[in-house]
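We count ligands from 1, going down the list as the structure has it; atoms in each ligand are counted the same way.
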Amino acid sequence: MTGRDSPLQDDLHAVVVGAGFSGLYMLLRLRQLSLPAVALEEAADVGGTWYWNRYPGARCDIPTTDYTYSFDPEIEEAWSWSEKYATQPEILAYLGFVADRYDLRRDIRFSTCLVSAAWDDTDARWQVRTDRGDELRCHHLVMASGCLSLPKTPDIEGTGRFRGRVHFTSRWPHEEVDFAGRRVAVVGTGSSGIQVVPPIAEQASQLVVFQRTPNFSVPAHNGPPPEKRVQALHADRQAYRHAARWSRGGISYEMTDVSGVTATEDVRRQRFEQAIEAGELFSILGVFNDQVFNAVSNEHVSEMIRERIRRIVRDPETAEALCPKDYPFGTKRPCLDTDYFETFNLPHVRLIDLRKQPIVSVTEEGIDTTDESFVFDDIVYATGFDAMTGPLVNVDITGRHGITLKQKWAHGPSTYLGLATSGFPNFFTITGPGSPSVLSNMAVSIEQHVEWVADCLDFMRRKGFDTLEPTDTAEAGWNQHVLDCASITLHPQADSWYMGANVPGKPRVFLPYIGGVDAYRTACQEVVEKGYLGFQLSGPSAQQCNDGVVRRLQPDVSILLQMVEALGVPPIESLSVDDARALWRASAAMRPPPPEVGEVADGTLPGPAGDLAYRLYRPATAGPHPLMVYFHGGGWVLGDLDTDDALCRDLARRADVLVVSVGYRHAPEARFPAPVEDALAAVRWISANGVALGGMPETLAVAGWSAGANLAAVVCQIARDDGAPHIAGQLLLHPVTDSDLSRPSYREFADGYMLTTAMMDWFWEHYADPSRRADPRVAPLRGRLQGLPPAVVVTGEFDPLRDEGLAYAQALAAAGVPVEHICARGHVHTSITMVDVVLSGAPVRAQIAERIRHFMPATAPAPAPAAL
Ligand code: NAP
């Protein structure tokens, strides 16, 4: 160990903070690039988290085949793991072995903390101070200080009063702690508590576990490294590592397409038992493909875990207290255990449910709860960490203009790729907030970040740049993307450390990136390929800034587009009309079961050329309800009552309106104006028969999606001119409003976003002769807009129809029509209709429903004068 032998060089290329998994590798990469660097490490030796968390039972919970460096095949040859989940001493020995092998200790200053770092714009360097009085300058500051390295101070009354021994799992003593014959308390039942309880129970004469929130835990089935993984690794090391790097969680495992909602009970159990058998975190996190998003699917996994707990723990009251019930499985970090639940069957082990009897205070003798006084010899706190942001904002780091990181992140972290943050040039965070880090196999995520940073520093040196900093645009875009990804999951429902909820006063923000290691790696690569997109690079003779946002699509929309591309579905316009209709119907039928409504009833109404089918959706609430006539989309050629069924149900439920979806004749068999005539006839009939349908005709609105929205808009214009029927409002979802296909959105989103420009051409060909396309009944944007009913116009950010929808909203407003324009950010043309597939569309549909309620109040206003 080098310690403080040599004075620190004053002007370094980089200072690395931390000498754990990330700091060691960062130091090595910098050395390989011949960039002078030093690492500051608070501990007396290497190891990071594995140096401090040396409590009995501490192990990794990612199989050692994968919880290991992969950058050098030689160290993989030279080191072999003895267990599936290695103990803390073995992992610490491994990190020591790596440090020795590359002689890293000579560049590490142990027992040295970073006290402050301030960016100096005048010489483009960080001014760094340590607690040992060192003052040095460096070009780059790399925080490799870990995500779970700052222990949380237990927020329990009287902790300082206890006269017995106190231990923290996160700062365990180096010498062995003997619990034989002692009365021990363990406070906290997260991963650390769950690991430490069984070994302490083996020694202690009495063990009381104080549990505030029960945790989901499944058996680790520890033993030798898993045969299947070892064989795969030895068979093709490169392929094995490649698969892990491009997996969702940084470890390869089989992804399932089984949904917990639609699978049979037998299949559900079978999949669950397989996951239990595997004893791996990602197996239990991936029992169903929808358990992260769907509460019903998640509850199936949660309940099967609870059933296991009830089977194991003999005392029913204790078993019940150990069953997590108030958050979805996986939204708090799940645990792998060895005999944790079995431990509560031992006669000298007791669980105290703090929900029933909270701690009042720690006393000189032990712990007082509201119901009992306990006497202990030892108290073990396993109370967790100020995760991810804590180790960063609790150091005095000052960026440009004297702003500290703590100030900048006062409302939650703001990063670009979880790697950098604007206002703090040449500042990198290894596995920082906004990156997959704690949701992934850390070994893989650490290597990816270290390599990205090293490549970046090498690029800067080669190109003559001396500073790099994300732009505000790029950072805001990434923060939005991180939030979008989390918002469609069940995570925000839990009071977890992922959400910052374990530390009083900490902003409630989902900290890591949940889009997946694979998707994340792609984004990082793309940033580089696009000339460091979103980074401002400067040097004495060069400047570069390709500003932009790397991910703008909603995450589920992006996955959907990838799936569609992978399916190789033929373009609609290459098919016959019949085949196109069949494909349209088939893709609608593949969607998950639609939402329930009070009643769905099919009927017919008289149309100008025969009966028209309609489907009525009645909300479960007491009627009568405001009425909404809905026209499906499909370019006047495709679609029917079934294809837009889910959207109609969703509208009825959310807006509490009675939706009547009307089938109309289709082109090319019935070209313009047939669909318009049908739509008009339907609105007139429903208005006349609204009471019989259970509606309030005086609050009748029209709605439609795409070509259906075109019909709705046209009907409003004709009804206004005719003076009847009275239409209270119009909801135009991604409407076709014009026949001019030259607007920029037709070029920008011509292909690759579901609706294509070629498809729109095809629809127009079938619908209306070119000579008729300027008719306002075809292109309502060209009609007179004064006196039309209030409108809600929804456009998609990635939709060829975006610009004409926006043009219609603007033209309505200019004509004095009350109009609300909702831009569906990150959405494509079909997003809104794909209820329960595009989950990120839900807030947009909620916003739509809120606006509908506004123009269609359940208590009907007096009808407006017909002349309006
Ligand atoms: P944790 O998951 O945050 O658990 C802390 C526990 O302490 C929780 O049960 C918490 O209850 C309880 N607690 C906190 N303050 C309390 C108070 N004032 N009164 C009563 N109970 C209190 O922390 P951790 O167990 O140290 O684990 C943190 C993370 O480190 C893990 O999620 C995991 O990522 C990692 N880790 C991994 C391993 C491994 O196997 N490789 C081992 C240990 C840790 P509430 O839930 O009610 O807040």
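- The CZ atom of Phe374 sits 8.5 Å away from atom CD of Gln206, with the distance rounded to the nearest 0.5 Å.
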Listed pairs under 3.5 Å, donor-acceptor, residues 507-519 side chains, sequence neighbours left out:
{"residue": "Arg508", "atom": "NH1", "partner": "Asp495", "partner atom": "OD1", "Å": "2.6"}
{"residue": "Arg508", "atom": "NH2", "partner": "Pro492", "partner atom": "O", "Å": "3.1"}
{"residue": "Arg508", "atom": "NH2", "partner": "Ala494", "partner atom": "O", "Å": "2.9"}
{"residue": "Arg508", "atom": "NH2", "partner": "Asp495", "partner atom": "OD1", "Å": "3.3"}
{"residue": "Tyr513", "atom": "OH", "partner": "His481", "partner atom": "NE2", "Å": "2.8"}

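- The cationic group of Lys332 lies under 6.0 Å from the six-membered ring centre of Tyr327 and within 45° of the ring axis, placing it in a cation-pi geometry.
- Contact residues of ligand 1 (protein heavy atom closer than 4.0 angstrom to a ligand atom; sorted by chain and number): Tyr55, Arg59, Cys60, Asp61, Leu148, Lys152, Asp155, Ile156, Val187, Gly188, Thr189, Gly190, Ser191, Ser192, Gln195, Arg212, Thr213, Lys332, Arg333, Leu354, Ala382, Thr383, Gly384, Phe385, Trp497.
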Do any side-chain atoms of residues 189-201 form donor-acceptor pairs under 3.5 angstrom with protein atoms, and if so which ones, sequence neighbours left out?
{"residue": "Thr189", "atom": "OG1", "partner": "Thr213", "partner atom": "O", "Å": "3.1"}
{"residue": "Gln195", "atom": "OE1", "partner": "Tyr55", "partner atom": "OH", "Å": "2.6"}
{"residue": "Gln195", "atom": "OE1", "partner": "Arg59", "partner atom": "N", "Å": "3.4"}
{"residue": "Gln195", "atom": "NE2", "partner": "Arg59", "partner atom": "O", "Å": "3.1"}

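- A cation-pi geometry, defined here as NZ or CZ lying under 6.0 Å from the six-membered ring centre and within 45° of its normal, holds between Arg521 and Trp246.
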May I have the list of side-chain donor-acceptor pairs in residues 274-283 shorter than 3.5 Å, sequence neighbours left out?
{"residue": "Glu280", "atom": "OE1", "partner": "Arg229", "partner atom": "NE", "Å": "3.4"}
{"residue": "Glu280", "atom": "OE1", "partner": "Arg229", "partner atom": "NH2", "Å": "2.8"}
{"residue": "Glu280", "atom": "OE2", "partner": "Arg229", "partner atom": "NE", "Å": "3.1"}

